[in-house]
Amino acid sequence: MSSIPRDAPFDSTLDLLADGYDFMAKRRRQLHSDIFTTRLLLQDVVCLVGPEAARLFYEDDRITRRGAMPITTLTLLQDFGSVQMLDGAAHRCRKAMFMSLMSPDGIQRLVDIAADRWRERIPVWAGRDRVTLFPALQGLYCRAVCDWAGLPLDDDEARQRTREFAAMIEGAGSIGPRNWRGQVLRWRSERWARDVIEQIRDGSRPAPEGSAVHVFATHRDLDDRLLDPKIAAVELINLLRATTAVARFVTFEALALHDHPEWRERLRGAADDEIERFVQEVRRFYPFFPFIGERVLVDLEWQGHHFAEGAWLALDLDGTDHDARLWDDPESFRPERFLTWDRSLFNFVPQGGDNHYRSHRCPGEWITIALMKDAARWLTAGMTYSTPPQDLSIDRMRMPTIPHSRFVIDHVRRIDAPAD
Ligand code: HEM
């Protein structure tokens, strides 16, 4: 068995907070190795990168997500009892619940609802001196996904839910006040979602057949029992919060259009596949989910290394999407690279790898891509706007990150969109 190089400090938790997205890449360079051991939260963790490691993380059933995430992150994202914490047949059964919502018709319905919101918001933005795009988009997607899920919100509720979902995402990668705020607001969301599930079950609240809230309230796990209302609420929040988070990728699309204005011209009226290449490059290029953790269930050998039962592993998702052996000139924004991409299930992993139904790959990936494609049309062909001077830098220490100014626009004007 080959030995794995070790990161020197006794514990690197503070270095992780200081280096953020670049923590693993920096140590790979220092140690001249794709694999290394470091210590986080006083425990050894083996850090990996690349398609073979992604195959291990997503294809191999000798590993689990249970016990692989700090509790402060877990409770703001997927949480106990969620699909991500399940393995094997139990995981596939719960995953099918999510995937049943992802038919082409279902996805198109969500895109149409979001398009209605763009149509409604652009004239409102046009009437304002300036608009901060990121929070405006969080509100837009929160309302759209709740509507799609069978939970139409009024203005006050929409503001409240947006605040809660946004705080959970913002707090997930931090410790201290940002995390605590997320925990408090999560508690409120969960209470609301639990009430919704119980009201649907006792018939006091109507829910359209086939809507997400109806599917979650009536889903039966492998044991043929309805989900505990707390778990159904957790899954509902996972769907609503994560779709609200598409706002972050759409803000990065606006940043890409700002930094590469030639793409604004190219995308106006572009064919669907060209828009898709732009969206894929935004998902590859900009940092979102930095890495993912796993625990080894039984002793295993991988690429000449031994991982003992209980070992903690971490896969660098952002590092895989920027690996110079896989991506030519990875630090350049070049959507054309997707003309020749081999469509491997393991080399492009912003939302995980392998098969959506079988593995822990993100069930919302198709929704994300569809919403981003439609957003690219709205940003280029549905409106014009200016970008006043502001700090658009991205702080790579903050996870998840966003441009400092959160992308301020002004002089918004509605134009007739081909999307219309
Ligand atoms: C906004 C951009 C998004 C990003 C960057 C993202 C990222 C990811 C990643 C990396 C994973 C894999 C985690 C793992 O390996 O354990 C994942 C899983 C998951 N995502 Fe997403 N996601 C996004 C949007 C969505 C959306 C729209 C949904 C709505 C359905 C969603 C729901 C989930 C769920 C439920 C899982 C757990 C799946 C499982 O364990 O089988 N995500 N996501």
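Counting convention: from 1, in listed order, for ligands and their atoms alike.
Selection from Ala370, Gly353, Ala242 by nearest heavy atom to atom 1 (C) of ligand 1 gives Ala242. Distances from atom 43 (N) of ligand 1 to the heavy atoms of Pro350, Cys362, Ser82, Ala245 show the closest one on Cys362. Nearest residue to atom 7 (C) of ligand 1 from Phe288, Phe291, Phe289 is Phe289 (criterion: closest heavy atom). Considering each of Met372, Arg358, Gln351, His356, the one bringing a non-hydrogen atom nearest atom 11 (C) of ligand 1 is Gln351. Relative to atom 27 (C) of ligand 1, the option among Leu110, Leu101, Thr243 with the closest non-hydrogen atom is Thr243. Of the candidates Met69, Gln84, His91, it is His91 that places a heavy atom closest to atom 41 (O) of ligand 1.
Note on ligand 1: Phe57 sits outside its first shell, no heavy atom being nearer than 4.0 Å. The closest approach between any non-hydrogen atom of Met85 and ligand 1 is not below 4.0 Å. The shortest heavy-atom distance from Ser359 to ligand 1 is under 4.0 Å.
Of the possible donor and acceptor atoms, one in the side chain of Thr401 sits under 3.5 Å from a partner among the backbone N and O of Asp395. The main-chain N or O of Glu59 is found under 3.5 Å from a side-chain atom of Arg358 such that the two form a donor-acceptor pair.
In this view, Phe407 satisfies the ring pair (Phe, Tyr, Trp, His ring centres under 6.0 Å) rule with no residue, not counting sequence neighbours. For Phe36, the ring pair (Phe, Tyr, Trp, His ring centres under 6.0 Å) criterion is met by no residue, not counting sequence neighbours.
Interface of Gly352 with ligand 1, defined as ligand atoms under 4.0 Å from a residue heavy atom, comprises 10 (C). Annotation for ligand 1: atoms under 4.0 Å from non-hydrogen atoms of Val246 are 1 (C). Near Tyr58, meaning under 4.0 Å from any of its heavy atoms, are these atoms of ligand 1: 12 (C), 14 (C), 15 (O). Within ligand 1, counting atoms from 1 as listed, the ones closer than 4.0 Å to a heavy atom of Thr368 are 24 (C), 27 (C).
When side chains are defined from C-beta on, Pro287 counts as touching Arg396, because their heavy atoms get closer than 4.5 Å.
A cation-pi arrangement is absent between Arg121 and Trp118 under the rule of less than 6.0 angstrom and at most 45 degrees off the ring axis.
A salt bridge does not link Arg143 to Asp147: none of the charged side-chain nitrogens sits closer than 4.0 Å to a carboxylate oxygen.
No N or O atom of Arg361 sits closer than 3.5 Å to an N or O atom of ligand 1.
Side-chain contact check for Thr37 and Asp44: no donor-acceptor pair (N or O, by modelled atom type) lies under 3.5 Å.
Between Tyr58 and Phe346, the gap from one ring centroid to the other reaches at least 6.0 Å.
Here the straight-line distance linking atom CZ of Arg406 with atom CZ of Phe134 works out to 6.0 Å at 0.5 Å rounding.
Residue-level proximity to ligand 1 for Val349 is absent, since no heavy atom of it falls below 4.0 angstrom.
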